[in-house]
Amino acid sequence: MGKSLSKRIISLSIIWIVITLLITAIVLIKLYQYHIEDHYDEHVFTHLGELVAAVETNSEGKPRIIDEPTDPRFNRLNSGWYWEVRKNGKLLANSVSMGQSILDISDLVIDENHSIQTLTGPSQEELRAHVLEVNYPKGAGSLQFIATAPKFQIMDDVKNFALHIMLSFLILGVGLLVAVFFQVRIALKPLRAIGSEISQVKQGRVSRLSEEYPDDVQPLVDELNYLLDHNELLLKRARNHLGDLAHAVKNPLTVIRNEARSLVSEQGQLILDQSHAMASSIDHCLSRARIYGNKDIIGYRTSIAPIIEDLVFAVERIYHAQGIDIQLSIPKDSCFRGDAQDIEEMVGNLIDNACKWANNKILVTCTVEANRLLLTIEDDGPGIEVENIELVLHRGRKLDESKPGHGHGLSIVKDIANLYGGSLKLSRSSLGG
C-alpha cells in the first residue's frame with residue numbers, strides 16, 4: 001500500500017466497500033430468489049387447488065374435469081406451464097400447453113402430502129412441479145394432480161433483479177469511494193497544513209506553528225511548538241556560555257600580549273607569538289562550537305545582501321589605501337538558511353582574504369541553483385597554484401608569511417560550509433586570478 005496515509009485509508013476503504021457490497025448483493029439476490037420461488041409456488045398451488053375443486057363424478061362413478069385453470073399460459077404450447085390429472089398412473093386430462101406430450105413422472109413421489117419436486121418437461125426444460133394425490137368418494141377413487149411452472153422464468157427474474165442490484169451497488173460503491181476520497185482529503189488537511197508550516201519554519205518564514213488546529217491534532221502541534229521553543233532556548237544558553245567563555249579567556253590573553261610587548265627580548269616575542277596562536281586557536285574552536293550548536297537549529301533565514309554590504313563597507317575602510325574596487329551582484333531577496341553570524345563569518349573571511357591578494361578588483365556574486373545558495377568571491381590577484389589548493393585549506397597553513405593572518409580563515413569557512421551541508425571550492429577566477 002506504500003507509505004502514504006491517504007493511499008492506505010483509501011485502499012482499505014475500497015477493499016472493505018467492495019467486500020461489503022458484494023456480500024450484501026449476494027444476500028439480497030438469494031433472498032429475492034427465495035421470494036420469487038415462493039411467489040411462483042403460491043401461484044401454481046392455487047391452480048392445483050382449482051383442479052382439485054374442478055373434479056366431478058358422473059352417474060357411473062367416473063371422474064371428469066368440469067373446469068380448467070384460467071391462466072392463459074396453460075393454453076400456450078410448450079410454455080412450461082402444464083397440468084395433468086391421472087388416475088392410477090393413467091392420464092385422465094391435461095393442459096392444452098402439453099400438446100401431444102405427457103409428463104414423465106416416473107421419478108416423482110406422489111402421495112397425499114403436497115410436495116414440490118423437479119422434473120424434466122417435454123422440451124427438456126427444467127420444471128418446478130407441485131404434486132398431490134387426492135382420494136374421492138362415490139367410487140371416483142384416487143387421483144394424482146401435477147401442476148408445473150418453468151424454472152427458467154424464475155431464474156430470469158432473479159438474473160434481472162441481480163443485474164439491477166449490481167448496477168445500483170456499482171453506483172453506490174462509486175459514490176462511497178468518492179465520499180471516502182473527499183473525506184480523507186478533508187480529514188488529512190490539517191496534517192498537510194502542519195507539514196507546510198514545518199517547511200516554512202525550516203525556511204525561516206515563521207518561528208512557530210499556528211495554534212488553530214482541530215482537537216485531534218492540536219497536541220501534536222503543541223509538542224512541536226514546545227520543541228521549537230526549547231531548541232531556541234538551548235541555543236541562546238549555549239551562545240551565552242560561549243560568549244562568557246570567550247570573554248573570560250580573551251581578557252587574560254590580551255593582558256598577556258600587552259605585557260609581552262613591553263618585554264624587549266626574545267622571550268617576550270616568543271610569549272607574544274604564542275599568545276597570538278592561542279587567541280587564534282580559541283577563536284577557531286569557539287567558532288566551531290557555535291557552528292555545531294547552530295547547524296541543526298530549525299527556522300533561521302538570513303537576508304544576505306545587507307550583511308555583505310556591511311562587510312564590504314568595513315573592508316573598504318580597512319584596505320582603502322589599496323584602492324580595491326569591490327563590485328556586488330546580489331539579488332535583494334537572496335537568503336541563507338542559517339544564522340547571520342555564520343554567513344557573516346564565511347563571507348567576511350573570504351572577502352578579507354581576497355582583499356589581501358587582489359590587485360584592483362573583487363567581484364561578489366550570489367545565485368540560487370537547485371534550491372542551493374551559490375556564493376562566488378573572485379579577485380584579480382595572482383591566484384594559487386593548483387598543487388597548493390588543498391594545502392591552504394588546512395588549519396594554520398599559510399603559503400605567504402608576509403601577509404597578515406594566522407591561516408585559519410579558509411579552514412573556518414570550509415568547516416561552516418560543511419556543517420550546513422555545503423562546500424568550499426577554490427578555482428581560477430574569471431578576473432584572471
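Remember, predicted model here, so these are calculated numbers, not experimental data.
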Separation of Met98 CE from Gln100 CD (nearest 0.5 Å): 10.0 Å
Rounded to the nearest 0.5 Å, what's the gap from NZ on Lys361 to CD1 on Ile326? Could you check? 12.5 Å
Which value, rounded to the nearest 0.5 Å, describes the distance between Leu28 atom CG and Lys30 atom NZ? 13.0 Å
Could you please spell out the steps behind the side-chain contact (heavy atoms from CB on, under 4.5 Å) verdict for Lys90 and Lys87? CA-CA 5 Å; Lys90 294 182 180 180; Lys87 183 177 181 180; 5.8 Å; no
Side chain to side chain, Met166 and Ile29, heavy atoms closer than 4.5 Å: yes
Contact check, side chains of His35 and Phe161, non-hydrogen atoms, under 4.5 Å: no
Is it the case that the side chain of Thr376 and the backbone of Thr365 share a donor-acceptor pair, with hydrogens and angles ignored and the cut-off at 3.5 Å? no
What one should report as the nearest heavy-atom pair of Phe145 and Leu51 is CE2-O, 3.7 Å
Looking only at the side chains, is there a donor atom on one of Tyr32 and Asp157 sitting less than 3.5 Å from an acceptor on the other? no
Taking Arg185's backbone N and O only, do any of them form a donor-acceptor pair with Arg192's side chain (distance below 3.5 Å, no angle check)? yes
Look only at the side chain of Glu125 and the backbone of Pro150, and say whether a donor-acceptor pair between them is shorter than 3.5 Å. no
Closest heavy-atom contact between Thr148 and Ala129? CG2-CB, 3.6 Å
Kindly give the heavy-atom pair with the smallest separation between Ala417 and Met346, and that separation in Å. N-SD, 3.8 Å
Can any side-chain N or O of Asn349 pair as donor or acceptor with the backbone N or O of Glu345 at less than 3.5 Å? yes
Glu50 and Trp83: side-chain donor and acceptor closer than 3.5 Å? no
Given side-chain contact (heavy atoms from CB on, under 4.5 Å), test Leu22 with Phe169 step by step and report yes or no. CA-CA 8 Å; Leu22 186 60; Phe169 276 19; over 6 Å; no
Flag the pair Leu311 / Ile307 as yes when at least one side-chain heavy-atom distance between them is below 4.5 Å, and no otherwise. yes
How close do Leu108 and Thr118 get, heavy atom to heavy atom, and via which atoms? CD2-O, 4.2 Å
Would you check if there is a donor-acceptor pair between the side chains of Asp104 and Ser106 at a distance under 3.5 Å? yes
Judged by atom type as modelled, is there a donor-acceptor pair below 3.5 Å linking the side chain of Asn359 to the main-chain atoms of Asp380? yes
Kindly indicate whether the side chain of Ile105, heavy atoms from C-beta on, has any atom under 4.5 Å from the side chain of Val131. no
Where is the tightest heavy-atom contact between Pro63 and Val55, given as atom of each residue plus distance? CB-CG1, 4.0 Å
Under a 4.5 Å cut-off applied to non-hydrogen side-chain atoms, are Glu68 and Phe74 in contact? no
Rounded to the nearest 0.5 Å, what separates atom CD1 in Ile377 from atom CG in Leu350? 4.0 Å
How long is the span from the CD1 atom in Ile19 to the OG1 atom in Thr24, to the nearest 0.5 Å? 11.5 Å
Which of these passes side-chain contact (heavy atoms from CB on, under 4.5 Å) with Ser97: Pro122, Pro72, Ser79? Ser79
Which value, rounded to the nearest 0.5 Å, describes the distance between Asp222 atom CG and Gln218 atom CD? 4.5 Å
If you draw a 6.0 Å radius around CZ in Phe152, do more than 12 non-hydrogen atoms from other residues or ligands fall strictly inside? yes
Taking every heavy atom of Gly80 against every heavy atom of Leu127, the minimum-distance pair comes out as O-CD2, 3.6 Å
Gln117 side chain vs Val109 backbone, donor-acceptor pair below 3.5 Å: yes
What's the verdict on side-chain contact (heavy atoms from CB on, under 4.5 Å) for Arg86 and Leu92, showing C-alpha distance, side-chain angles and the deciding distance? CA-CA 5 Å; Arg86 299 194 180 203; Leu92 183 64; 5.7 Å; no
Students often mix this up, so state it plainly: with edges at 30° and 60°, are the rings of His47 and His43 parallel, tilted or perpendicular? perpendicular
In sequence, state the C-alpha distance, the side-chain angles, and the governing distance for Ile362 and Val315, and then conclude on side-chain contact (heavy atoms from CB on, under 4.5 Å). CA-CA 12 Å; Ile362 294 175; Val315 297; over 6 Å; no
